[in-house]
Amino acid sequence: MSTNSELADRFREIADLLDLAGERFKPEAYRRAARTLESLTEDVRAVSGRGELDALPGVGAAISEKIREYLRTGSIEYYERLRLASPPGLLEILRLPGLGPKTARRFWIELGVEGPGELAQAIEAGRLAPLKGFGPRKIDLIRKALAPASAPGARTPLRTAARLAEGIVTALRRTAPIDQIEVAGSLRRGRESVGDIDILVTSTEPERVFDAFSALPERREISLRGSTKETILFGDGIQVDLRVVEPAAFGAALQYFTGSKDHNVRLRSLARDRGLKINEYGVFRGEERVGGTTEAEVYATLGLAFIPPEIREDQGEIALAAAGTLPGLVAASDLRGDLHVHASATATDTEMSEQIARARARGWEYLGVVLPPASSSAAERWRARATDGVAILVGEELRSWEAPSPGPGSTRPDYWLLRADEAGPPPSRTAAPGSDPTWLVTHLVTGVEGAQSDPASAASWIDWAVQAGAALEVSDAGAAGGLDGPLAHRLMERGGRLHVTPSGGDDVALGLALRTARRGWTTPDRVLNASARAALRRPPRPGRPARR
DNA sequence: GCCGTTTTCGGCCCGACTGTTTTCAGTCG
């Protein structure tokens with residue numbers, strides 16, 4: 001685990017302990033700092049070395065001192081002291097679904113319960129019943145929360161969540177009286193992993209929508225159902241919230257439930273400064289609703305340009321939207337091809353035709369087919385298929401840093417595709433690639449899908465790629481295949497290029513790969529497969545860092 | 001504990017839902 005995530009975990013634990021101690025605002029302050037550390041794309045040690053810790057959002061004098069203490073000594077005295085103030089098992093109780101700091105503390109003070117095991121015993125011994133506020137239903141809820149199977153699900157990889165959401169939306173459209181429907185939350189922002197799925201609909205018959213939602217075959221358990229919201233646990237324990245909102249509030253609700261939290265907090269304080277109030281029902285001046293039907297209207301009412309969901313992270317996007325200088329992020333219509341299409345050396349004519357037809361259907365100008373080394377006859381067969389406006393480029397896959405010398409009679413590939421997971425870390429100085437042919441680096445092992453990437457290893461790839469003019473891959477597989485959003489952002493800031501790879505092949509995969517690129521503030525001019533075919537071989541001009 | 005084109009002190013989002021309540025507390029997002 002990286003130092004960044006160690007510190008983030010430590011601060012989250014401090015926040016939980018402060019919750020138990022009944023502190024009001026400090027817990028959120030520590031959680032905010034934890035979020036900042038987690039989304040940092042460089043080692044916190046480097047930031048500390050430059051003396052810039054307290055420039056990080058949510059990090060002030062006290063927390064930066066604790067970071068320095070941790071870097072120096074490997075521990076934080078404040079944390080050690082807090083930990084001694086209450087039994088460690090209380091934290092486990094606190095993390096059970098439906099149980100919070102107040103309840104955990106009461107169990108400890110009033111029953112002497114110091115952990116989940118003792119809590120279970122107390123329930124079976126009937127010791128909770130006399131407590132004020134604990135009726136049979138609540139006790140039952142706690143009993144269920146203590147069952148091992150109900151452990152709150154870990155965050156779900158973006159790709160898995162997107163497929164599930166897609167299925168739910170399609171089913172609801174078919175079976176429920178729905179007007180508008182949209183997926184919100186961190187899934188819409190394209191976060192690497194999502195905690196739950198938020199779906200918003202407008203409908204004149206909410207009850208029938210909830211009935212249809214409740215009847216979906218993949219549902220495991222209905223957690224709660226009210227008049228505007230229903231929560232269902234699906235298959236592997238992914239929680240899906242469905243909300244029905246008024247058409248006039250759809251934009252405001254979509255904005256509100258898309259987040260991020262930090263983005264919304266800043267937006268609301270900006271609204272307050274301008275004499276307005278924003279909530280999930282609209283934008284209000286006094287009692288009067290002045291916006292909220294569409295999301296664009298919400299931003300326009302505040303004097304802001306529309307901010308794409310992928311960059312709503314409170315990283316300067318609101319100031320740029322106010323100034324009207326947000327960058328235009330890459331979109332599907334910018335892509336002109338795909339250079340990461342694997343093909344076997346023995347592909348049939350039919351398979352080749354199908355691949356080319358798919359590229360043509362997307363309006364692409366070229367298709368880059370990656371072949372194993374020494375497949376020159378296959379390369380010629382592919383090149384011969386370049387018809388109907390789709391050019392064929394041939395890439396050769398490298399699994400080590402030594403580029404093979406072309407055999408007799410074989411032509412050079414149009415580009416190299418380097419598998420980072422097999423070739424090993426990049427050399428510290430710029431190696432051969434240079435400008436011609438183009439290099440594309442794939443399978444960057446920056447982390448396990450859905451988990452946090454290792455900033456140090458990814459940083460070395462980014463440094464190398466920027467120097468060498470190579471493009472790094474962003475795919476729908478998240479961190480398991482290429483860069484995640486924050487690392488793409490770092491690549492953009494450094495002036496590098498990336499390749500958007502829809503490895504799943506369909507529209508959902510393309511959408512996810514694009515969303516990840518957009519999370520990195522990627523503009524079309526920095527996308528290898530948004531370049532005209534003629535520009536592919538040219539060395540990239542050193543780009544200006546993306547603004548943030 | 002953080003933060004500031006109304007503040008260096010005094011705020012810090014706020015509404016839905018549940019269970020246990022005759023009016024609210026706790027949790028969640």
Side-chain angles (χ1 to χ4, degrees), chain A residues 11 14-36 53-67 76 78 82 93-107 128-129 131-142 144-145 152 184-186 194-200 206 210 222-231 239-245 249 252-253 255-282 284 303 314 319 322-323:
Chain A
F11 285 159
I14 289 177
D16 287 346
L17 290 164
L18 289 169
D19 262 337
L20 281 175
E23 284 281 353
R24 282 275 276 141
F25 297 105
K26 288 185 189 183
E28 254 325 284
Y30 278 96
R31 290 194 182 100
R32 173 94 211 276
R35 287 197 296 276
T36 294
L53 281 179
D54 51 15
L56 297 173
V59 177
I63 289 186
S64 55
E65 181 46 44
K66 290 185 179 69
I67 295 175
I76 299 173
Y78 180 63
L82 277 175
I93 292 181
L94 177 64
R95 287 173 192 141
L96 295 173
L99 292 179
K102 297 273 169 52
T103 316
R105 192 174 167 77
R106 280 191 65 193
F107 289 153
L128 259 63
L131 254 53
K132 194 170 157 53
F134 286 88
R137 296 199 49 139
K138 183 166 254 177
I139 291 176
D140 208 46
L141 217 66
I142 297 171
K144 275 165 85 178
S186 49
V194 305
D196 56 18
I197 296 173
D198 281 301
I199 301 176
L200 295 183
F210 289 139
I222 298 171
S223 303
L224 63 86
R225 177 167 170 172
S227 59
T228 64
K229 173 187 170 182
E230 177 170 11
T231 297
Q239 177 176 319
V240 183
D241 291 346
L242 181 75
R243 292 182 161 85
V244 178
V245 303
Q255 195 290 315
Y256 182 88
F257 289 111
T258 296
S260 66
K261 181 181 177 134
D262 291 335
H263 175 89
N264 285 357
V265 166
R266 186 165 299 265
L267 208 63
R268 283 193 289 272
S269 92
L270 179 76
R272 202 178 51 224
D273 295 347
R274 303 194 174 173
L276 299 166
K277 189 181 111 167
I278 300 189
N279 56 30
E280 62 261 55
Y281 302 109
F284 298 89
D314 189 25

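In what follows, chains carry the letters A, B, and so on, assigned in the order in which the sequence lines appear, proteins first and then strands, with residues in each chain numbered from 1. Values in this document were obtained by computation on a predicted structure and should not be read as measured data.
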By nearest atom, which of the nucleotides B:dG29, B:dG15, B:dT27 is closest to the A:D198 side chain?
B:dG29

Where each residue is assigned the nucleotide of DNA chain B containing its nearest heavy atom, which of A:F257 and A:Y281 is assigned the position nearer the 5′ end?
A:Y281

Just N and O in the side chain of A:T103: are any of them under 4.0 Å from OP1 or OP2 of B:dT27?
yes

Do A:I278 and A:Y256 touch side chain to side chain, with heavy atoms closer than 4.5 Å?
no

In this structure, how many angstroms lie between the P atom of B:dC2 and the CD atom of A:E28, rounded?
13 Å

If you compare every side-chain N and O of A:K26 against the phosphate oxygens of B:dG1 (OP1, OP2), does one of them come in below 4.0 Å?
yes

Under-3.5 Å N/O pairs linking protein and nucleotides 10-14 of chain B:
from   : atom 1 : to     : atom 2 : distance (Å)
B:dC13 : O4'    : A:R268 : NE     : 3.1
B:dC13 : O2     : A:R268 : NH2    : 3.2

Sugar-phosphate, base or nothing in reach of A:A61, heavy atoms under 4.0 Å
sugar-phosphate

Show, in sequence, the C-alpha distance, side-chain angles and deciding distance for A:R105 and A:D19, and conclude whether the side chain to side chain contact (heavy atoms under 4.5 Å, CB included) test is met.
CA-CA 10 Å; A:R105 192 174 167 77; A:D19 262 337; over 6 Å; no

Determine yes or no for a side-chain-to-main-chain donor-acceptor pair under 3.5 angstrom, with A:S64 supplying the side chain and A:D54 the backbone.
no

My understanding is that a pair needs two contacts under 3.5 Å, Watson-Crick or G-U wobble. By that rule, which nucleotide pairs with B:dT8?
none

Carboxylate-amine/guanidinium contact A:D314 A:R32, below 4.0 Å:
yes

For A:R268, is the CZ atom crowded, meaning more than 12 foreign heavy atoms sit under 6.0 Å from it?
yes

Select base, sugar-phosphate, or nothing to describe what A:T231 touches, counting heavy atoms under 4.0 Å on all strands.
nothing

Taking only N and O in the side chain of A:K132, is any of them less than 4.0 Å away from OP1 or OP2 of B:dA25?
no

Just checking, A:R243 and A:F257: is the charged tip under 6.0 Å from the six-membered ring centre and within 45° of the axis?
yes

B:dT18 and B:dG11: how far apart are their P atoms, nearest whole angstrom?
34 Å

